[in-house]
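Atom set for the values below is all heavy atoms of this structure, side chains included, hydrogens, waters and symmetry mates excluded. As the structure is a computational prediction, the values presented were derived from the model and not from experiment.
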Amino acid sequence: MIQQISTSWKHGITKHITFIVTKDCQLACKYCYLVGKNEKERMSWEVAKAAIDYVLDRENDPNFAYESVIWDFIGGEPFLEIDLIDQICDYIKTELFRRNHHWFNSYRFNFSTNGINYHTEKVQRFIEKNKAHLSIGITIDGTRRKHDLNRVYKHSEKGSYEDVVKNIPLWQEQFPFEGTKVTISSADIPYICESVLHLYDLGIHQVNINCVFEDVWQAGDDARFEEQLMQLADAIIDRGLYEDYACSFFSENMGKPLDCTLQNQNWCGAGKMLAIDAAGNFYPCTRFAQYSLRDKEAWVIGNIRDGIDNNRLRPFLTLDRCTQSQPECVECEVAEGCAWCQGENYDAAATHTVFQRATAICLMHKARVRANNYYWNKLYRKLETEGKREEFESKHTMSNDNIC
């Protein structure tokens, strides 16, 4: 039973440090929020080393006094810079040991990759060397039709499905418990159900899936979205797939009212994370770097030379749900599970603020809640009929770490 699987390693006690090693990518995905990708901005070893030294020199600084650390590598496509990444990881491991740092043996290297270069000799050598501390997710959007609708090569309209799917068996062999991440935009709503089932057929047991936060939605998208999710719910339940497969669109922990006095945390960790770009600038997360922003200027909180400016960081440490949400969001009867992206909040805001919540996905969330209620009502009716509800709830409770 894996209806709810935790994809979070040491959640709540881990510092996330992200290296933007390149802004280049082989693909030009049509829904990508990285609007400023380019082939020029690549991190140097000197910048990477200085960033590592800055962090490790401050073991007891409140900004870094976490029990564990995740070193995250993104682009663009991070594996385009596998030589640099290999050098960075070797240096991190050596320094953690040399300093007797409390993160020694309590760290992870994390990657989200388009999967195109996964099979190459250099990437495979890196995986073999670091596998015990490695987490890699390959993004595949579903069927060839859905994947190739958006995930196309940057100098053509050629889809990337074939070049990705061929690497899925090797990835699953090496990381059998990793899930994939699927993105939904307006154009590909009709292919949600078939795509999730296709990913299950490929042997991927955990499908993490979300709607884009940007304002791309058209009239009627919520109804089409709900219809697809209900079809998916029928397929998962009727075929008994819920025993071995999971989809993050269906969660018991969503669609309820929230009490601001008890459930007022911010949705994401912006500000508690640290992102570093090729110039050595620090950001509260990658969504505040310039290549992630359409309309606003980058929100820099420091750099490798001057360190973190706590005055620039302070607004993020005061963020909570109620201070940035409209009254209708605070009072919403299905508020639980309604997500937001802090970077999109900033980019879409009327002013230079992170305290104005973007609500482009409101109708999509409400549609998801209706389909989610349908899913759980139908599943529990089936389990009651088969006399398996108690067994299901026992297993489900043990693994009930909700996926965002």
Side-chain angles (χ1 to χ4, degrees), residues 1-9 11 135 137-143 146-147 165 168-169 171-173 175-184 188-211 222 224-256 334 336-339 364-404:
M1 176 67 62
I2 62 163
Q3 183 57 50
Q4 295 290 340
I5 295 178
S6 174
T7 58
S8 174
W9 180 72
H11 179 68
S135 175
I138 290 181
T139 298
I140 180 168
D141 259 1
T143 60
K146 180 183 177 336
H147 184 97
V165 76
I168 295 300
W171 169 61
Q172 289 179 304
E173 178 185 339
F175 301 98
F177 301 109
E178 293 286 351
T180 192
K181 181 176 178 292
V182 178
T183 300
I184 304 299
D188 49 57
I189 290 174
Y191 315 122
I192 294 173
C193 179
E194 67 179 41
S195 289
V196 174
L197 296 177
H198 177 67
L199 294 173
Y200 290 168
D201 287 340
L202 291 178
I204 299 172
H205 286 254
Q206 175 63 50
V207 177
N208 300 311
I209 187 167
N210 65 276
C211 297
D222 55 324
R224 289 186 284 271
F225 182 50
E226 182 179 353
E227 180 182 2
Q228 281 291 306
L229 292 189
M230 291 179 71
Q231 289 179 21
L232 179 59
D234 285 338
I236 290 173
I237 295 170
D238 293 347
R239 302 181 195 178
L241 297 173
Y242 54 87
E243 290 287 351
D244 297 304
Y245 298 89
C247 174
S248 61
F249 268 151
F250 300 123
S251 167
E252 285 186 286
N253 300 320
M254 67 167 294
K256 305 183 182 82
V334 294
E336 187 168 5
C338 186
M364 303 300 285
H365 170 69
K366 291 176 178 177
R368 179 193 170 195
V369 169
R370 293 191 294 271
N372 187 66
N373 291 341
Y374 172 82
Y375 173 89
W376 289 103
N377 285 332
K378 177 170 181 172
L379 177 58
Y380 276 125
R381 285 198 303 270
K382 178 182 179 181
L383 293 170
E384 288 279 8
T385 300
E386 297 175 352
K388 296 180 179 179
R389 177 163 181 164
E390 185 175 342
E391 176 188 358
F392 175 88
E393 289 181 331
S394 175
K395 293 180 180 178
H396 181 62
T397 299
M398 290 189 293
S399 58
N400 194 18
D401 190 351
N402 191 30
I403 298 165
C404 297

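For the atom pair CG of L197 and CG of L241, the computed distance is 7.0 Å after rounding to the nearest 0.5 Å. Note that CZ of R368 and CG of L229 are 8.5 Å apart. Values are rounded to the nearest 0.5 Å. Once rounded to the nearest 0.5 Å, the distance linking CD of E390 with CG of L383 reads 12.0 Å.
A search for side chain to side chain contact (heavy atoms under 4.5 Å, CB included) contacts involving D201 returns nothing, not counting sequence neighbours. Residues satisfying the side chain to side chain contact (heavy atoms under 4.5 Å, CB included) criterion with H365, sequence neighbours excluded, are M254, V334, C338, V369. Residues passing the side chain to side chain contact (heavy atoms under 4.5 Å, CB included) test with C211, sequence neighbours excluded: I184, W217, F225, F249, M364. For R381, the side-chain hydrogen bond (donor to acceptor under 3.5 Å, both in side chains) criterion is met by no residue, not counting sequence neighbours. Scanning for side chain to side chain contact (heavy atoms under 4.5 Å, CB included) contacts around E384 gives R389, with sequence neighbours left out. Evaluation of the salt bridge (Lys or Arg N to Asp or Glu O under 4.0 Å) rule for K256 yields no partner, not counting sequence neighbours. Partners of E226 under the salt bridge (Lys or Arg N to Asp or Glu O under 4.0 Å) rule, at least two apart in sequence or in another chain, are R370. In this view, D234 and Y374, K378 satisfy the side-chain hydrogen bond (donor to acceptor under 3.5 Å, both in side chains) rule, not counting sequence neighbours. Remark: Y200 pairs with Y245 by the ring pair (Phe, Tyr, Trp, His ring centres under 6.0 Å) rule, at least two apart or across chains. By the salt bridge (Lys or Arg N to Asp or Glu O under 4.0 Å) test, D222 is found to be paired with no residue, residues two or more places apart in sequence or in another chain being considered.
You'll find the side chain of Y380 reaches within 4.5 Å of the side chain of F392, heavy atoms only. At least one side-chain heavy atom of I138 sits less than 4.5 Å from a side-chain heavy atom of I168. At least one side-chain heavy atom of L202 sits under 4.5 Å from a side-chain heavy atom of I140. Contact of the L199 side chain with the T143 side chain is not registered, since no non-hydrogen atoms from C-beta on lie closer than 4.5 Å. By the 4.5 Å heavy-atom criterion applied to side chains, P190 and R224 are not counted as neighbours. With a 4.5 Å cut-off on side-chain heavy atoms, S248 and N210 do not count as touching.
The salt bridge (Lys or Arg N to Asp or Glu O under 4.0 Å) analysis of residues 191-200, with sequence neighbours excluded, yields the pairs R145-E194.
Residues W171 and T180 come closest through the heavy atom pair CH2-N, 4.2 Å. Across all non-hydrogen atoms, the minimal contact from H147 to D141 is ND1-N, 3.1 Å. The heavy-atom pair separating N372 from F250 by the smallest distance is OD1-CA, 3.2 Å. Of all heavy-atom pairs between K146 and V182, the closest is CE-CG1, 4.0 Å. The two residues G142 and S195 come nearest to each other via the heavy atoms CA-CB, 3.6 Å.
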_Working note: E252 + Y375, criterion side-chain hydrogen bond (donor to acceptor under 3.5 Å, both in side chains); need CA distance, chi angles, decisive distance, verdict._
CA-CA 10 Å; E252 285 186 286; Y375 173 89; over 6 Å; no
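For N208 (side chain) and K181 (main-chain N/O), no donor-acceptor pair under 3.5 Å exists by modelled atom type. For Q228 (side chain) and C193 (main-chain N/O), a donor-acceptor pair under 3.5 Å exists by modelled atom type. H205 contributes no side-chain N or O that, together with a main-chain N or O of A246, makes up a donor-acceptor pair within less than 3.5 Å.
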